[in-house]
There are 2 protein chains.
Amino acid sequence: MFDVLLSHIDEKVTLNEQEKALMQNYFVPKRLRKRQYLLQEGDVCRNLAFVSKGLLRTYNVDDKGDEHMSIFGWEGWWISDFNSFLTGVPAVFNIDAIEDSEVLLLSRENYEAITLAIPMMDRYFRILYQNSLVTKERRLMSSVTDTAEEKYLRLSQSNPDMIERIPQNLIASYLGIAPETLSRIRKNLAMRK
Amino acid sequence: MFDVLLSHIDEKVTLNEQEKALMQNYFVPKRLRKRQYLLQEGDVCRNLAFVSKGLLRTYNVDDKGDEHMSIFGWEGWWISDFNSFLTGVPAVFNIDAIEDSEVLLLSRENYEAITLAIPMMDRYFRILYQNSLVTKERRLMSSVTDTAEEKYLRLSQSNPDMIERIPQNLIASYLGIAPETLSRIRKNLAMRK
DNA sequence: ACACATACTTGATATAGATCAAGTGGATTT
DNA sequence: AAATCCACTTGATCTATATCAAGTATGTGT
């Protein structure tokens, strides 16, 4: 469980053995059954969650009860209602498990503490967020300018695992298109091959 | 010019006087005339730019020659093709000045160097990016789920300065709607008052 | 194995907003 | 001051995709 976290961090910054050992003190492991909530809207998001195994989804629910996917988190990813985590305001997102999952929870206090105890973690998070900003900017531009089919093609090229692993209706929601539309797109693409 | 930068940083982290004096060594001031490019697509984005005065826009141009606004940067904001800056790949965005502007340029080398010389700058950028991620996530969800009018209303509530200061056609592009649609929305809203 | 729930597919219809076109107004250039 | 350019407005038409509805397939629980 911690192996996944440490090797993930290793890709971005170098921690010494002492720092690595110290890391465990700041995290609380948690298991989630498929469909189990990690966070419900209205509660405060008190932890960043690092996914060491499985797959979770972050989504909000509009007035009509429709779910809108925001982020999927699987092995090696962090997941949270970030604004709620940072500011303590009630979460607008729900987070639950698409598959049986294991996460490591980092509380807000420990988030600050860990960067003081291990300053390299400031750098790690900076680099993590840099990359996240680039990805999110791409997604934003795509959502504004691409056709539904272009959106789907982009996703299936940049992240084929997602297409295999996540139910189609959730993917449609993530792309901001209707499930019927996604079904039609996939059919059209299959017929073009 | 540096005053704006230092007071902006002061809002997030505390630097001592020595560190503040040191900051100037890492930046190059630059003035831009209205409409002057800071970055053209295809070039590598070699600097992060901090806007100390004025207003800039980041946009890309699609096959049909249409401009799509990505980010506006004004006093206190950082602006760049971030992916190009981080990786050295050619920029996909153009950046130019909507108004006469003054920026402070931080090269990639100095970006790394400054965080080593002043470790608190790692923290500053981490916090900066946290906030940016929250904002961007909101914008992403809005772009996928809001109607055109809802998008405009959100923007005018969260950022009225933008509505006043930026030409309507650029705002329309930023929201991912046609200028005609924005014009209609504004007319409808005015009639409802 | 059967019953039920849910995801996916398919056809028909509706719609929010894009696109096209032209007019008006304001800014810039000569 | 006149000419030109460009932003904004307005009306008409078009369209990508949403919505509605029903059927089919798959998964889950008993």
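The basis for the numbers below is simple: all heavy atoms, side chains too, and nothing from hydrogens, waters or symmetry mates. Every chain is numbered from 1 and lettered A, B, ... according to where its sequence line falls, protein lines coming before strand lines.
- Note: CD1 (B:Ile98) to P (D:dC6) measures 17 Å, nearest angstrom.
- A straight line from CZ of A:Arg186 to C1' of D:dA25 spans 14 Å, rounded to a whole angstrom.
- Between A:Thr181 and D:dA18 there is a side-chain N or O to OP1 or OP2 distance below 4.0 Å.
- Backbone-only engagement by A:Ala148 is indicated by non-hydrogen atom pairs under 4.0 Å involving sugar-phosphate atoms exclusively.
- Between B:His68 and B:Tyr174, the gap from one ring centroid to the other reaches at least 6.0 Å.
- Look at CZ on B:Arg184: it is 15 Å from C1' on C:dT15, rounded to the nearest Å.
- With B:Met120 as the fixed residue, the side-chain contact (heavy atoms from CB on, under 4.5 Å) test singles out one of B:Ile114, B:Thr115, B:Val13: B:Val13.
- One can place CG of B:Leu189 at 12 Å from P of D:dT9, the figure rounded to the nearest angstrom.
- Residue-level contact check: A:Ile177 touches the backbone only, with heavy atoms under 4.0 Å from sugar-phosphate atoms and none from bases.
- Atom NZ in B:Lys151 sits roughly 14 Å away from atom P in C:dA16 (whole-Å rounding).
- Side-chain atoms of A:Pro167 lie closest to C:dC8 of the nucleotides D:dT9, C:dC8, C:dT28.
- Between B:Lys187 and D:dT9, a side-chain N or O to OP1/OP2 separation shorter than 4.0 Å is absent.
- Mapping A:Ile166 and B:Pro179 onto DNA chain C by nearest heavy atom places A:Ile166 at the nucleotide closer to the 5' end.
- Atom CE in B:Met191 sits about 14 Å away from atom P in D:dT9, given to the nearest Å.
- Remark: side-chain polar atoms of A:Ser101 are paired, donor with acceptor, to backbone N or O of A:Glu99 under 3.5 angstrom.
- A distance of 6.0 Å or more separates the ring centres of A:Tyr129 and B:Phe125.
- For A:Lys34 and A:Asp100, the salt-bridge test fails: no basic side-chain N is under 4.0 Å from an acidic carboxylate O.
- Rounded to whole Å, atom C1' of C:dT9 lies 9 Å from atom CD of A:Gln168.
- Taking the C1' atoms of five terminal pairs at each end of the helix from C:dA1-D:dT30 to C:dT30-D:dA1, the two resulting helix axes are inclined by 50°, rounded to 10°.
- Residue A:Glu149 contributes atom CD, which lies 15 Å from atom C1' of D:dT15 at whole-angstrom precision.
- The backbone N or O of A:Met69 lies less than 3.5 Å from a partner atom in the side chain of A:Ser173, making a donor-acceptor pair.
- Both A:Glu180 and A:Ile185 lie close to DNA chain D; mapped to their nearest nucleotides by heavy-atom distance, the more 5′-ward contact belongs to A:Ile185.
- Summarising the local packing, CZ of B:Arg154 is surrounded by 12 or fewer heavy atoms from other residues, nucleotides or ligands at distances under 6.0 Å.
- Within the structure, every side-chain polar atom (N or O) of A:Asn169 is placed at least 4.0 Å from both OP1 and OP2 of C:dT6.
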